Number of protein chains: 2
Amino acid sequence: MARSDIPDIVIGRLPIYLRALTRLQQDGQEITSSHELGKQLGISSAQIRKDLSHFGEFGKQGTGYNVASLSSALQQILNVHHEWQVALVGIGDLGRALAHYGGFAHRGFRITHFFDSDPHKIGQAINGTPIESVDSIAEKLRRDNIKIAMITTPAETAQEVADRLIEAGIKAILNYAPIVISVPDEVRVQYIDPVIGLQRMAYYLED
Amino acid sequence: MARSDIPDIVIGRLPIYLRALTRLQQDGQEITSSHELGKQLGISSAQIRKDLSHFGEFGKQGTGYNVASLSSALQQILNVHHEWQVALVGIGDLGRALAHYGGFAHRGFRITHFFDSDPHKIGQAINGTPIESVDSIAEKLRRDNIKIAMITTPAETAQEVADRLIEAGIKAILNYAPIVISVPDEVRVQYIDPVIGLQRMAYYLED
DNA sequence: TAGATTGTTAATCGATTAACAATC
DNA sequence: TAGATTGTTAATCGATTAACAATC
């Protein structure tokens with residue numbers, strides 16, 4: 001089945017499955033089933049089987065799935081079986097926290113490029129790598145063929161930064177700035193805004 | 001229409017609308033339309049009108065919506081017209097970054113309680129408020145009637161922390177730990193894991 | 001009045017789930 | 001063999017969109 005024929009909502013669940021499988025693997029569990037996974041994730045077993053069926057047959061009737069091989073298959077499908085280098089723009093508290101976050105390493109990503117516009121920050125080292133000027137984004141990212149970037153600037157500069165990243169050939173942006181950015185069709189954007197999640201839950205709270 | 005009759009997916013878009021309206025308001029724009037909002041957000045105008053229609057009539061034919069009053073209406077609907085106090089458990093780099101983040105203040109939330117299990121951190125002040133022991137979660141959150149919490153601990157302790165929070169009467173959890181936690185039906189959980197977003201986008205990248 | 005935009009209906013589209021034959 | 005679980009089909013369910021009367 002062609003890459004573009006598979007619903008994006010299915011793609012969105014694959015990383016969740018992968019995360020759960022990795023955890024099972026760490027716990028030393030060798031076999032699992034769509035029922036067990038579903039119960040753990042709050043997803044129906046039928047949905048898990050249907051989702052996986054878009055990509056092939058990974059299970060064994062009567063038994064279930066081998067945790068290691070399904071995990072490995074999902075890594076291949078998601079393109080995270082090797083490590084992507086990632087650029088980070090905006091070195092504030094959040095940017096630094098992400099730079100120090102150990103959770104990227106074994107899940108397919110490593111932040112290798114840091115950019116900021118503040119002359120006081122440029123030249124400072126993070127994880128041994130110097131922070132560079134946003135003016136050099138195009139040059140550096142093209143040189144190293146970087147395809148993924150994270151934006152952790154204030155909302156006011158996020159669109160401008162996005163424009164520079166796109167000019168530099170970036171194809172995937174994780175945007176922490178609380179604003180929707182406009183990008184060409186071939187560039188993907190994911191958003192992280194904690195307040196969106198909080199407000200969504202506040203709706204259901206008694207006041 | 002009753003609270004529970006409205007699809008959660010609709011609720012999930014309201015904070016996006018509110019965020020865009022707040023921005024328009026800051027820019028001094030007084031009137032907008034479902035078409036303008038939709039174009040900005042990448043959502044169809046029909047969907048925006050349909051979503052809003054669950055809650056009443058907020059526009060004027062031929063004109064559109066008054067930015068200030070629609071914004072205010074959405075704040076009321078979402079229950080963020082007053083400020084919620086929020087507890088934060090896990091004071092690592094990410095916890096500190098959230099504690100210093102200025103973006104909660106005018107969107108309905110303020111972090112007022114900090115917890116950690118590390119004796120070296122307990123007693124330290126953040127924003128003038130001391131970090132307290134996770135052992136005092138139940139006591140402190142019940143005393144102050146806190147309903148919302150954020151978890152920024154490692155995955156290993158997230159479920160245990162969630163259990164404590166639920167025991168303390170918390171009804172909404174924003175979970176930054178990369179693990180699905182199990183909670184009773186009356187408790188809502190939202191997840192933030194940057195790697196999930198990165199992996200989802202990696203699928204579409206050429207390798 | 002002419003133009004624009006809402007709120008709403010009905011049609012379309014797509015996602016989820018129930019059920020089961022196949023089979024380990 | 002009996003029990004369990006997959007992969008898949010068809011039915012159900014729900015969400016999105018097109019279209020338009022109402023009306024500012």
Side-chain angles (χ1 to χ4, degrees), chain A residues 1-17 20-21 24 29-74 77 180 200 203, chain B residues 1-17 20-21 24 29-74 77 180 200 203:
Chain A
M1 187 165 237
R3 179 139 304 217
S4 56
D5 289 349
I6 295 167
D8 181 62
I9 198 163
V10 171
I11 306 305
R13 280 189 294 262
L14 300 185
I16 312 277
Y17 302 159
L21 288 163
L24 288 175
Q29 191 171 326
E30 287 184 13
I31 302 288
T32 188
S33 66
S34 59
H35 294 270
E36 185 183 45
L37 270 177
K39 200 179 165 199
Q40 217 164 92
L41 299 177
I43 291 177
S44 82
S45 63
Q47 180 151 88
I48 293 174
R49 295 198 301 279
K50 185 112 217 282
D51 285 350
L52 296 177
S53 75
H54 286 102
F55 304 95
E57 309 194 349
F58 304 99
K60 197 185 277 185
Q61 282 105 323
T63 309
Y65 303 91
N66 178 287
V67 172
S69 56
L70 182 55
S71 166
S72 166
L74 285 177
I77 292 166
V180 174
R200 182 177 190 158
Y203 172 81
Chain B
M1 188 165 236
R3 179 139 306 216
S4 55
D5 289 349
I6 295 167
D8 183 60
I9 198 164
V10 172
I11 306 305
R13 282 190 293 262
L14 300 185
I16 312 276
Y17 300 160
L21 288 163
L24 288 175
Q29 190 171 328
E30 288 184 11
I31 302 291
T32 188
S33 67
S34 59
H35 294 270
E36 185 183 46
L37 271 177
K39 200 179 164 198
Q40 219 164 92
L41 299 176
I43 292 176
S44 81
S45 62
Q47 180 152 86
I48 293 175
R49 295 198 302 279
K50 184 112 216 283
D51 285 350
L52 295 177
S53 76
H54 287 103
F55 304 95
E57 309 192 350
F58 303 99
K60 197 185 278 185
Q61 283 104 323
T63 309
Y65 302 92
N66 179 289
V67 173
S69 56
L70 181 55
S71 167
S72 166
L74 285 176
I77 291 166
V180 173
R200 182 176 191 160
Y203 172 80

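Note that the structure is predicted; figures quoted are calculated from it, not measured. Below, read A as the first sequence line, B as the second, and so on, with proteins coming before strands; counting in each chain starts at 1.
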**Student:** Strictly below 4.0 Å: does Q47(A) bring a side-chain N or O up to OP1 or OP2 of dT16(C)?
**Tutor:**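 So the side-chain polar atoms of Q47(A) do come within 4.0 Å of the phosphate oxygens OP1 or OP2 of dT16(C), strictly under.
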**Student:** To the nearest Å, how far apart are K50(B) NZ and dG14(D) C1'?
**Tutor:**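 These atoms are roughly 10 Å apart.
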**Student:** Nearest whole angstrom, please: distance from the P of dC24(C) to the CZ of F58(A).
**Tutor:**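 Going from CZ in F58(A) over to P in dC24(C) covers 17 Å.
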**Student:** From the list dT8(D), dT6(C), dA15(D), which nucleotide is the closest neighbour of the side chain of E57(A)?
**Tutor:**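 Nearest to the side chain of E57(A) among the choices is dT8(D).
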**Student:** Going from CZ on R200(B) to CD1 on I16(A), what distance comes out if it is rounded to the nearest 0.5 angstrom?
**Tutor:**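 If I round to the nearest 0.5 Å, the distance is 9.0 Å.
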**Student:** Would the number of heavy atoms belonging to other residues, nucleotides or ligands and lying under 6.0 Å from CD of E30(B) be above 12?
**Tutor:**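 Counting other residues, nucleotides and ligands, CD of E30(B) stays at 12 neighbours or fewer.
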**Student:** Let me have DNA chain D in dot-bracket notation, would you? Count Watson-Crick plus G-U wobble pairs, both distances under 3.5 Å, and use [ ] for pairs crossing earlier ones and | for inter-strand partners.
**Tutor:** ..||||||||||||||||||||||
**Student:** Here's a test of your reading of the structure: between D8(B) and A46(A), which maps to the more 5' nucleotide of DNA chain D?
**Tutor:**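 Its nearest nucleotide lies further toward 5', so the answer is A46(A).
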**Student:** Taking only N and O in the side chain of S44(A), is any of them less than 4.0 Å away from OP1 or OP2 of dT17(C)?
**Tutor:**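 Indeed, a polar side-chain atom of S44(A) lies that close.
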**Student:** What is the distance from NZ of K39(A) to C1' of dT5(D), rounded to the nearest Å?
**Tutor:**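 Spelled out: NZ on K39(A) to C1' on dT5(D) is 17 Å.
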**Student:** Separation of I43(B) atom CD1 from dA15(D) atom P, in whole Å?
**Tutor:**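 Spelled out: CD1 on I43(B) to P on dA15(D) is 15 Å.
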**Student:** CG/L24(A) to CD1/I31(A) distance, rounded to the nearest 0.5 angstrom?
**Tutor:**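 Between L24(A) CG and I31(A) CD1, I get 11.0 Å after rounding to 0.5 Å.
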**Student:** How close or far is atom P of dT23(C) from atom CD of Q61(A), stated in whole angstroms?
**Tutor:**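 It works out to 7 Å between those atoms.
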**Student:** Within the pair Y65(A) and dC24(C), is there a side-chain N or O less than 4.0 Å away from OP1 or OP2?
**Tutor:**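 Result: no.
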**Student:** Among K39(B), Q47(B), R49(B), whose side chain to side chain donor-acceptor pair (under 3.5 Å) with S34(B) holds?
**Tutor:**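 Running side chain to side chain donor-acceptor pair (under 3.5 Å) over K39(B), Q47(B), R49(B) with S34(B) returns exactly one hit, R49(B).
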**Student:** To the nearest Å, how far apart are Y17(B) OH and dT6(C) C1'?
**Tutor:**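 After rounding, the gap between these two atoms is 15 Å.
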**Student:** May I ask you to evaluate whether T63(A) reaches the phosphate of dT5(D), defined as a side-chain N or O under 4.0 Å from OP1 or OP2?
**Tutor:**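 T63(A) to dT5(D) OP1/OP2: no side-chain N or O under 4.0 Å.
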**Student:** Identify which nucleotide among dA15(C), dC20(D), dT6(D) has an atom closest to any side-chain atom of R49(B), counting heavy atoms from C-beta outward.
**Tutor:**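 In terms of side-chain proximity for R49(B), the closest of dA15(C), dC20(D), dT6(D) is dC20(D).
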**Student:** Examine dT16(C): is either OP1 or OP2 under 4.0 Å from a nitrogen or oxygen in the side chain of R13(A)? Give yes or no.
**Tutor:**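 Indeed, a polar side-chain atom of R13(A) lies that close.
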**Student:** Could you state the atom-to-atom distance from NE2 of H35(A) to C1' of dT6(D) in whole Å?
**Tutor:**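 From H35(A) NE2 to dT6(D) C1': 9 Å.
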**Student:** Can you name the closest pair of heavy atoms from P15(A) and I11(A) and give their distance?
**Tutor:**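 Shortest heavy-atom contact: CD-O, 2.9 Å.
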**Student:** What's the shortest heavy-atom distance between L52(A) and F58(A), and which atoms?
**Tutor:**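 In this case the closest contact between L52(A) and F58(A) is O-CE1, 3.4 Å.
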**Student:** For the side chain of K60(B), counting heavy atoms from C-beta on, which of dT6(C), dC24(D), dA15(D) is nearest?
**Tutor:**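 Minimum distance to the K60(B) side chain belongs to dC24(D).
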**Student:** For the pair made of CG in D51(A) and P in dT16(C), what is the distance, rounded to whole Å?
**Tutor:**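 Value for this atom pair: 7 Å.
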**Student:** Using a 4.0 Å heavy-atom cut-off, does S34(A) contact any base of the nucleic acid, only the sugar-phosphate backbone, or nothing at all?
**Tutor:**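 Sugar-phosphate contact only.
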**Student:** Mind checking the OH-CG spacing from Y203(A) to L14(B)? Nearest 0.5 Å is all I need.
**Tutor:**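 Answer for the OH-CG pair, Y203(A) versus L14(B), is 8.0 Å.
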**Student:** Taking all non-hydrogen atoms of both residues, which atom of T32(B) and which atom of L21(B) are closest, and how far apart?
**Tutor:**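 Closest pair (atom of T32(B), atom of L21(B), distance): CG2-CD2, 4.0 Å.
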